[in-house]
Amino acid sequence: MRYVCVGCDREYDEPLAACPVDGAPVVQRGDATQGLVGARLDGRFQVEALLGQGGMGTVYRGTQVSVGRPVAIKVL
């Protein structure tokens, strides 16, 4: 299984919480449309589903873990 940094696209052989180069989340390589689904960002936001993609980024549905509030997360 391969893992990839969502920030710099470096690949790793083992799962990491964050990329040692830029600190971005490392996710399992697989379906490119899923991206960050399942990741927890900064320990505060749980990414739950892909909402859409476009020329300026990708938008995910998520939850702010501390208060259980639904959020939209845009990644440029």
Side-chain angles (χ1 to χ4, degrees):
M1 193 60 56
R2 302 292 291 174
Y3 301 87
V4 64
C5 171
V6 299
C8 66
D9 286 329
R10 282 186 171 81
E11 291 189 358
Y12 300 97
D13 293 324
E14 67 273 350
L16 301 170
C19 177
V21 175
D22 63 9
V26 175
V27 297
Q28 187 173 340
R29 167 90 58 202
D31 183 358
T33 63
Q34 292 304 302
L36 293 174
V37 173
R40 183 166 290 193
L41 305 177
D42 196 29
R44 301 182 316 154
F45 300 97
Q46 183 68 38
V47 182
E48 297 168 350
L50 176 69
L51 293 178
Q53 292 179 298
M56 293 299 292
T58 303
V59 179
Y60 297 92
R61 182 183 78 229
T63 299
Q64 184 177 1
V65 177
S66 62
V67 292
R69 178 174 50 185
V71 296
I73 302 165
K74 184 172 185 179
V75 180
L76 301 177

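V65 forms part of no hydrophobic cluster, judged by ILVMFWY side-chain heavy-atom separations under 4.5 Å. Counting side-chain heavy-atom gaps under 4.5 Å among Ile, Leu, Val, Met, Phe, Trp and Tyr, the cluster of L51 also holds V59.
Among residues at least two apart or in separate chains, salt bridge (Lys or Arg N to Asp or Glu O under 4.0 Å) pairs with a member in residues 35-44 are D42-R44. Screening residues 17-27 for salt bridge (Lys or Arg N to Asp or Glu O under 4.0 Å) gives no qualifying pairs among residues at least two apart or on separate chains. Legend: side chain to side chain donor-acceptor pair (under 3.5 Å) pairs involving residues 62-76, not counting sequence neighbours, sorted by first then second residue: E48-T63, Q64-R69.
Side-chain contact between P25 and L36 is present, with at least one heavy-atom pair separated by less than 4.5 Å.
Legend: residues meeting side chain to side chain contact (heavy atoms under 4.5 Å, CB included) with L16, ordered by chain and number and at least two apart, are Y12, E14, P20, V26.
Between C8 and C19, the shortest heavy-atom contact is SG-SG, 3.8 Å.
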